[in-house]
2 protein chains.
Amino acid sequence: MEHAMKTCPVGKVAALVGDPCSLLIVRDLLESPMRFSELERSLGSSSRTLAKKLKVLEKEKIVTRKEMRGTPACVKYSLTKKGAAFHEVVEAMRSYGTKYLR
Amino acid sequence: MEHAMKTCPVGKVAALVGDPCSLLIVRDLLESPMRFSELERSLGSSSRTLAKKLKVLEKEKIVTRKEMRGTPACVKYSLTKKGAAFHEVVEAMRSYGTKYLR
DNA sequence: CGGCATCCTACGCGATACTG
DNA sequence: CAGTATCGCGTAGGATGCCG
């Protein structure tokens, strides 16, 4: 499996956002920048998982972390240009889901 | 996480082919029908994993199993119309991967 | 609020071996 | 060739608790 995911463009994308969690993060952030807790609620995932996924996406330059000062803390996540480019992929998926999955 | 994947079209698609293996199966079958062993080699996965994924995709009417008689056995997998409709999604991914992932 | 640390469990998945 | 069965490990990911 490893080989295919490093060779082919499709495989590489799959390796990056090929899990439901990362994909849904991108989907949400395409809508608008969001805070950690907002994502947490939207996805219904644990903070642990969310934090880990966000870190990967940040390292891959898909997502930007912006920390506003103040107390309590406030952090906004948004998409980079590279991340926003997932728009086409997500829309293709949405279109498919709407048409074929009830 | 469960909720988001049953509510939103994108989530539902993710639940279906939101893992690298299933996605790569679809990618391959978009090219042409393939035999079990061909998929096995192409993906570099174990027969166990492949068989399980294929069963799911078959149950979801993404993939069709066609058994030719003869010995040794020969089985061809191909996409249904519903499966072929993933073309747009896969192409969007390929386009993204080509542009942004080296 | 936005995390990180810890613990714990389920399961994905490869390796191997065996059948029709 | 096309699977199924069994074992065994690595890991994803929830639950909980703590801290700046």
Side-chain angles (χ1 to χ4, degrees), chain A residues 1-7 11 14-29 32-60 62-79, chain B residues 1-6 11 14-26 28-29 32-60 62-79:
Chain A
M1 243 349 302
E2 306 311 303
H3 180 66
M5 296 178 51
K6 286 172 181 164
T7 303
L16 204 55
V17 294
D19 63 296
C21 191
S22 308
L23 199 60
L24 292 175
I25 292 175
V26 173
R27 178 207 59 180
D28 279 355
L29 295 183
S32 83
M34 288 178 89
R35 306 176 56 171
F36 188 88
S37 51
E38 291 180 294
L39 285 168
E40 208 175 345
R41 268 194 306 281
S42 169
L43 304 188
S45 74
S46 67
S47 70
R48 181 183 168 284
T49 301
L50 179 57
K52 222 162 30 171
K53 296 294 182 183
L54 281 171
K55 238 179 211 170
V56 174
L57 293 176
E58 202 187 342
K59 190 164 59 187
E60 298 292 339
I62 307 290
V63 149
T64 311
R65 204 186 94 105
K66 211 179 311 176
E67 189 165 354
M68 342 292 262
R69 57 171 56 258
T71 168
C74 176
V75 180
K76 282 262 185 184
Y77 288 93
S78 41
L79 293 177
Chain B
M1 206 77 236
E2 305 312 302
H3 180 66
M5 296 177 52
K6 287 173 182 166
L16 205 53
V17 293
D19 64 296
C21 190
S22 308
L23 199 59
L24 293 175
I25 292 175
V26 173
D28 279 355
L29 295 183
S32 82
M34 290 179 88
R35 304 176 57 171
F36 187 88
S37 52
E38 291 180 293
L39 284 168
E40 210 174 343
R41 270 193 306 279
S42 169
L43 304 188
S45 75
S46 66
S47 67
R48 181 183 167 282
T49 300
L50 179 57
K52 220 159 36 168
K53 295 295 182 183
L54 281 172
K55 238 177 211 172
V56 174
L57 293 176
E58 201 188 341
K59 189 164 58 185
E60 298 292 337
I62 306 290
V63 150
T64 312
R65 204 186 94 106
K66 210 179 312 177
E67 190 164 354
M68 342 292 262
R69 57 172 55 259
T71 171
C74 175
V75 179
K76 282 263 186 184
Y77 287 92
S78 42
L79 294 178

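Atom CD of A/Glu40 is separated from atom P of D/dG14 by 10 Å (rounded to the nearest Å). For the pair A/Arg48 CZ and D/dT16 P, the computed distance is 14 Å after rounding to whole Å. Atom CG in B/Leu50 sits roughly 13 Å away from atom C1' in D/dT4 (whole-Å rounding). One can place NZ of A/Lys55 at 16 Å from C1' of D/dG13, the figure rounded to the nearest angstrom. Distance, B/Glu58 CD to D/dA2 P: 14 Å, rounded to whole Å. The CZ atom of A/Phe36 sits 18 Å away from the P atom of D/dG20 (whole-angstrom rounding). Taking atom CZ of residue A/Arg41 and atom C1' of nucleotide D/dG14, one finds them 18 Å apart after rounding to whole Å. When rounded to the nearest whole Å, the span between CD of B/Glu38 and P of D/dG3 equals 13 Å.
When the nucleotides D/dG14, D/dG3, D/dT4 are ranked by their closest atom to the side chain of B/Tyr77, D/dG3 comes out on top. Taking every side-chain heavy atom of B/Arg65 into account, D/dA2 is the closest of D/dG14, D/dG20, D/dA2. Listed nucleotides: D/dC1, D/dG14, D/dA12. Nearest to the side chain of B/Pro72: D/dC1. Taking the side chain of B/Met1 as heavy atoms from C-beta on, and the options D/dG13, D/dA2, D/dG14, the nearest nucleotide is D/dG14.
With a heavy-atom cut-off of 4.0 Å to chain A, the contacted part of DNA chain C has its first and last nucleotide at C/dC1 to C/dG14.
Distances shorter than 4.0 Å separate some side-chain N or O of A/Ser46 from OP1 or OP2 on D/dG14. Listed pair A/Lys53 / D/dA12 fails the phosphate criterion, with no side-chain N or O lying under 4.0 Å from OP1 or OP2.
Minimum heavy-atom separation, A/Met5 to B/Pro20: SD-CB, 3.6 Å. Closest approach of A/Leu24 to B/Gly11, counting heavy atoms only: CD2-CA, 3.9 Å.
Between A/Leu57 and A/Tyr77, every side-chain heavy-atom pair lies at or beyond the 4.5 Å cut-off. Side-chain atoms of B/Lys52 and B/Ser45, non-hydrogen and from C-beta on, never get closer than 4.5 Å to each other. Under the 4.5 Å side-chain criterion, counting only non-hydrogen atoms from C-beta, B/Leu50 is in contact with B/Ile25. Under the 4.5 Å side-chain criterion, counting only non-hydrogen atoms from C-beta, A/Thr49 is not in contact with B/Met1.
At the heavy-atom level, A/Ser37 lies under 4.0 Å from the strands shown only through sugar-phosphate atoms.
The residue among A/Glu2 and A/Ala51 whose nearest nucleotide of DNA chain C is located toward the 5' end is A/Ala51.
Once rounded to the nearest 0.5 Å, the distance linking CE of B/Met34 with CG of B/Leu79 reads 11.5 Å.
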